[in-house]
Amino acid sequence: MIASAVAVVLLLAVYCIQGLSTLKTDEAEGVCVYSMDPDSITAIRFSGAGGPVSLVRTADGWCWEEDAAFPLNQNFVDTMLEKTATLQVLRQVAEGKDAYAAYGLDNPSNVITITSQEQDRILYLGDTNGTTGDCYLSVEGSDVVYTVDSTFPTLFSSSINDMAVRETLPGITTEDITAFSVTRGAEEISFQSTQEEAGDQQRWTVNQNGAVYEADTGLVTELFSKIIQLRYTHMEVYQPKDEQLAECGLKPAEAVLEVSYALEDGTPQTYVLQIGALSQDGESRYVYTPDGQGIYTVQADSLEELLQLKAESFLSMDVFPVRPEELAQLHITAPNGTVTFQADHSGDAVRYTCNDAEITEAEFNSFYFVFYAMEAEKRVGDLSDQLTQAPVMTMEYQRVAGDSHLTELIPYDQNYYAVRTDGTAVLLVNRTTVNTLLSTLDPYLAK
């Protein structure tokens, strides 16, 4: 009985000691070392990753002391003020300068000077605890060693470029874009809007090395949406010199992206982005805007598609993408004869003829809209060299704008005809669709 009673007393004593120990530890956590008015702070200086950084307060906000024009992120400075105006530490770990060496404070990894109208503060950062990730800290005028969380040394190890406001693309939408091009050496691919007036349906052409094709509006819009979502990730060089541009593959640039767009009032604008080499880790590419302030990085995978653009990937699936109001003349050669349609737009109303005989708009539309609605089923790489048979149907057309084109339907296999336009064949149309078209056309042919 006596032994049991002693054991209980000892156990209670252990619990009490543990409780007191926990209480003392909790009380020591979250210590406020000092507090000052953030608005009284006039300068922050520290040892950044790229060299000493000095930030000063001006009437217009905070700026980099070496160059007031540097695009300093004010939110970054606000975080620094929040951390240093009221210094909150995790816990006190030692006292006495003889303990400094054990915590790396005899040779600080960073010295942070907070200049204030009230009282200057100097903070010293030491080693990082390998287990917790916390950093040891001391304050000038005190011999106490504290710990702060890892965000503190990370924040104050920033280079001035880390603190830059990241540039952005102009605030444009896909509807604002009127033209777009990517140039890589001698290779160029460009997209051009054919929209003449605000109320017109927007259509696009794609031009690769001089060959112009009708483009699929949906695919072009999808591409543009990716362009306007591009984001800079980091400023690498502020106000770069020619040799720095060359080191990053930007002089000359590996590729140049150019976007033409219109402001709300219709004023034309052009945005140019030079695309350079891959970064050392291969994750990013260097980019530079001549009107910008520095070399930035952009995620490489967001640019790769732009560097590999091919016209055939954007061609419209429309076999005959000419709207009635654009057509001036259409000459068709089919197995059973030929026919020529003409549309005279010179008068108040359009006048239509078929083989020189006047027809009504309804008669013209009864054929033309079957023709206009014909779509290919597949988009392929240029297979012009594989087409050895004679065309089953040719369509020579001229637009009101004056340009002329030749489209041919040529046997490809037992299921498809290839659509060859101006010498390039990248579309396949189902044979059944072509047979239906030929049947619709037959009454108009001059036998």
Sequence neighbours excluded, every pair satisfying side-chain hydrogen bond (donor to acceptor under 3.5 Å, both in side chains) that has a member inside residues 155-166: S159-D162, D162-H234
Residue pairs involving residues 93-116 (criterion salt bridge (Lys or Arg N to Asp or Glu O under 4.0 Å); sequence neighbours excluded): none
Residue list, side chain to side chain donor-acceptor pair (under 3.5 Å) with D39, at least two apart or on another chain: none
Sequence-distant partners of L263, side-chain contact (heavy atoms from CB on, under 4.5 Å), two or more places apart: Y261, D265, T267, Q269
Enumerate, atom names and distances included, each donor-acceptor pair closer than 3.5 Å involving a side-chain atom of residues 239-253, sequence neighbours excluded.
from : atom 1 : to   : atom 2 : distance (Å)
Q244 : OE1    : K241 : N      : 2.8

Taking only distance into account, with no hydrogens and no angle test, what donor-acceptor pairs under 3.5 Å do side-chain atoms of residues 303-311 form with protein atoms, sequence neighbours excluded?
from : atom 1 : to   : atom 2 : distance (Å)
E304 : OE2    : R285 : NE     : 3.0
E305 : OE1    : K226 : NZ     : 2.9
E305 : OE2    : K226 : NZ     : 3.4

Contacts of F314 that satisfy ring-ring contact (aromatic ring centres under 6.0 Å, His included) - sequence neighbours left out: F191
Counterpart residues, side-chain contact (heavy atoms from CB on, under 4.5 Å), relative to H345 (two or more places apart): A343, V350, V400
For A69, all residues meeting side-chain contact (heavy atoms from CB on, under 4.5 Å), sequence neighbours excluded: D67, Y238
Listed once per pair and sorted, the salt bridge (Lys or Arg N to Asp or Glu O under 4.0 Å) pairs that draw on residues 228-237, sequence neighbours left out: none
Listed once per pair and sorted, the salt bridge (Lys or Arg N to Asp or Glu O under 4.0 Å) pairs that draw on residues 413-425, sequence neighbours left out: E408-R420
All pairs passing side-chain hydrogen bond (donor to acceptor under 3.5 Å, both in side chains) where residues 49-58 contributes a residue, at least two apart: R45-S54, S54-E65
